[in-house]
Amino acid sequence: MTQQSAGHLTGKVALVTGASSGIGAATALALAEQGAAVALVARRQDRLDTLAQQITAAGGQAEVIALDLADPAQAEVAVQRTLETLGGLDIVVNNAGLMLLGPVGGADVSDWQRMMDLNVLALMRLTHAALPSMKQQKGGHIVNISSVSGRGASPTSAGYSATKWAVGGFSEGLRQEVRLDNIRVTVIEPGVVATELTDHITHEATKTTYESRIATMTPLEAEDIAAAVVYAVTQPLRVNVNEILIRPLDQG
Ligand code: NDP
């Protein structure tokens with residue numbers, strides 16, 4: 001039996017944010033395939049319901065928690081509902097995010113606010129809300145989805161990169177702190193993945209340029225990132241996979 005054979009996460013509970021599309025949906029499915037009960041968090045209830053039906057039809061367990069993580073109170077609500085309905089919380093995948101690319105000069109600064117609220121503060125609040133039960137059970141795993149933009153930056157990525165660098169800094173401090181409670185922390189840094197992420201870019205010229213760039217390459221699939229999450233959370237307890245940087249072969 002390999003590390004990642006089906007059932008490796010049987011008895012575990014995972015909460016995945018941004019589970020209504022892209023990387024989050026693929027990750028929730030992959031964790032459920034490994035036997036985890038999954039709490040599906042995002043705003044679009046219809047998408048979450050469809051995913052939950054897919055998971056339960058395959059014999060898994062899923063709980064839909066439709067809420068807006070930009071609201072500071074909702075991270076705690078998501079965790080409490082997971083604990084109440086699924087009976088525990090072992091894995092948090094902080095994945096919900098926005099990539100509102102554009103130049104700093106002339107930027108709509110409300111884009112920065114939206115990204116900070118979701119990419120950074122919601123991730124921090126959800127982690128904060130999850131820690132008491134993880135500390136009590138002396139174990140858990142926080143997986144934070146950052147980006148290659150959390151390791152570097154380029155013109156039009158400054159605002160987005162600022163949020164993802166924040167994820168890196170928060171995760172590294174957290175890792176050193178919570179390892180004493182047997183809680184593991186993993187940062188995943190994807191390159192270009194084919195998802196709905198670019199749809200929300202408000203700066204039209206940047207959106208067009210970015211989409212043209214993606215059209216020249218074979219991007220990663222959401223399932224490629226889900227596989228990286230499964231790898232990290234199915235390692236033996238002595239192994240703390242701190243960071244996974246994963247780019248399409250085509251991406252320079
Ligand atoms: P998607 O746009 O497909 O997914 C984003 C998810 O976040 C959706 O499920 C969305 O659900 C959710 N979300 C957005 N706003 C909120 C909110 N206010 N409250 C709760 N949930 C919210 O994009 P990806 O799957 O690509 O993105 C997932 C993560 O991966 C992000 O953090 C992104 O930065 C990161 N990433 C993506 C890369 C890529 O190339 N695609 C590359 C590197 C990193 P809903 O709208 O239903 O609320």
Side-chain angles (χ1 to χ4, degrees), residues 15-30 38-52 64-75 77-79 81 92-101 110-111 113-126 143-154 157 159-168 170-171 186-201 207 210-211 213-215 217-226 228-229 243-248 250-251:
L15 184 164
V16 181
T17 71
S20 59
S21 63
I23 294 168
T27 298
L29 259 182
V38 283
L40 309 174
V41 179
R43 294 168 301 178
R44 287 172 291 179
Q45 169 119 30
D46 54 338
R47 297 273 201 110
L48 298 179
D49 284 342
T50 303
L51 181 61
V64 169
I65 305 177
L67 46 74
D68 184 350
L69 286 170
D71 174 346
Q74 297 304 298
V77 172
V79 167
R81 278 193 47 198
V92 168
V93 183
N94 280 309
N95 163 78
L98 279 169
M99 182 185 70
L100 305 175
L101 300 176
S110 71
D111 278 359
Q113 186 72 56
R114 289 168 65 202
M115 288 194 290
M116 283 292 179
D117 286 345
L118 184 64
N119 300 6
V120 183
L121 288 170
L123 172 149
M124 292 170 70
R125 287 199 177 95
L126 208 124
V143 180
N144 291 333
I145 307 298
S146 176
S147 167
V148 292
S149 299
R151 307 246 308 195
S154 55
S157 90
Y160 180 62
S161 288
T163 69
K164 294 301 189 179
W165 283 61
V167 169
F170 177 73
S171 303
T186 300
V187 182
I188 308 227
E189 298 155 327
V192 177
V193 187
T195 69
E196 299 170 15
L197 194 68
T198 48
D199 297 355
H200 309 290
I201 299 172
K207 186 167 187 271
Y210 192 80
E211 285 171 347
R213 181 174 156 237
I214 296 177
M217 64 167 74
T218 304
L220 298 172
E221 300 289 334
E223 290 72 19
D224 301 328
I225 308 306
V229 175
E243 202 172 353
I244 300 177
L245 173 61
I246 172 170
R247 289 188 181 88
D250 284 346
Q251 188 172 355

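Ligands are counted one by one from 1 in listed order, and the atoms in each one are counted from 1 as well. For reference, positions follow the sequence shown, starting with 1.
Contact check for Thr27 versus Asn95: no side-chain heavy atoms found under the 4.5 Å cut-off. Arg44 has its side chain within reach of Ser21: a pair of non-hydrogen atoms, C-beta onward, lies under 4.5 Å apart. Proximity of Leu15 to Leu126: side-chain heavy atoms (C-beta onward) are separated by under 4.5 Å at one or more points. Using a 4.5 Å heavy-atom threshold, the side chains of Val77 and Gln74 count as touching.
The option with the heavy atom closest to atom 32 (O) of ligand 1, from among Leu69, Leu220, Asn95, Ile214, is Asn95. Comparing Leu197, Leu48, Val16, Thr198 by heavy-atom distance to atom 27 (O) of ligand 1, the nearest is Leu197.
The N/O atoms of Ser147, backbone and side chain alike, include none that comes under 3.5 Å of an N/O atom in ligand 1. Between Gly24 and ligand 1, no N or O atom pair is found at a separation short of 3.5 Å.
Atom CG in Leu48 sits 6.0 Å away from atom CG in Leu40 (nearest 0.5 Å). Between the CG atom of Asp46 and the CG atom of Leu51 there is a distance of 11.5 Å, given to the nearest 0.5 Å.
Judged purely by atom type and a 3.5 angstrom limit, Thr163 has no side-chain atom pairing as donor or acceptor with the backbone of Met116. Under a 3.5 Å cut-off, the side chain of Lys164 and the backbone N or O of Ile145 do form a donor-acceptor pair. Judged by distance alone, the side chain of Ser161 and the main-chain N or O of Ser149 form a donor-acceptor pair under 3.5 Å. At least one donor-acceptor pair closer than 3.5 Å links the side chain of Thr17 to the backbone N or O of Ala96. Under the 3.5 Å distance criterion, the side-chain polar atoms of Gln251 are matched with a main-chain donor or acceptor of Val192. Of the possible donor and acceptor atoms, none in the side chain of Trp165 sits under 3.5 Å from a partner among the backbone N and O of Tyr160.
In this structure, Thr17 falls outside the shell of residues with a heavy atom less than 4.0 angstrom from ligand 1. Ligand 1 lies within reach of Ser146, whose nearest heavy atom is under 4.0 Å from it. Taking 4.0 Å as the cut-off, Gly191 counts as a neighbour of ligand 1 on heavy-atom distance.
When non-hydrogen atoms are compared, ligand 1 lies under 4.0 Å from neither the backbone nor the side chain of Val148. Only the side chain of Lys164 comes within 4.0 Å of ligand 1, counting heavy atoms alone; its backbone N, CA, C and O stay farther away. No part of Ala194 comes within 4.0 Å of ligand 1, judged by heavy-atom distances.
Every atom of ligand 1 with a heavy atom of Leu67 under 4.0 Å away is listed here by number and element: 19 (N), 20 (C). Contact atoms of ligand 1 toward Val192: 40 (O) (distance under 4.0 Å to a heavy atom of the residue). Atom numbering of ligand 1 starts at 1 in the shown order; those under 4.0 Å from a heavy atom of Ser21 are 1 (P), 3 (O), 4 (O), 8 (C), 9 (O). Short contacts between ligand 1 and Asp68, defined as distances under 4.0 Å to a heavy atom of the residue, involve ligand atoms 17 (C), 18 (N), 19 (N). Ligand 1 places these atoms under 4.0 Å from at least one heavy atom of Gly97: 5 (C), 7 (O), 31 (C), 32 (O). Distances below 4.0 Å separate heavy atoms of Gly22 from the following atoms of ligand 1: 3 (O), 25 (O).
Protein heavy atom closest to atom 25 (O) of ligand 1, with residue, atom name and distance, is Ile23 N, 2.8 Å. For atom 43 (C) of ligand 1, the closest non-hydrogen atom on the protein side is Pro190 O, 3.2 Å. The nearest heavy-atom contact from the protein to atom 40 (O) of ligand 1 is Val193 N, 2.8 Å. Protein heavy atom at the shortest distance from atom 9 (O) of ligand 1 is Ser20 OG, 2.8 Å. Among protein heavy atoms, the minimum distance from atom 33 (C) of ligand 1 is reached at Tyr160 OH, 3.6 Å. Scanning all protein heavy atoms for the shortest distance to atom 16 (C) of ligand 1 gives Arg43 NE, 3.5 Å. Nearest non-hydrogen protein atom to atom 6 (C) of ligand 1 is Gly18 CA, 3.6 Å. The closest protein non-hydrogen atom to atom 24 (P) of ligand 1 is Thr195 OG1, 3.5 Å.
Taking the charged nitrogens against the carboxylate oxygens, Asp111 and Arg114 do have a contact shorter than 4.0 Å, which makes a salt bridge.
In this view, Leu220 and Val193, Asp224, Ile225, Ile246, Pro248 satisfy the side chain to side chain contact (heavy atoms under 4.5 Å, CB included) rule, not counting sequence neighbours.
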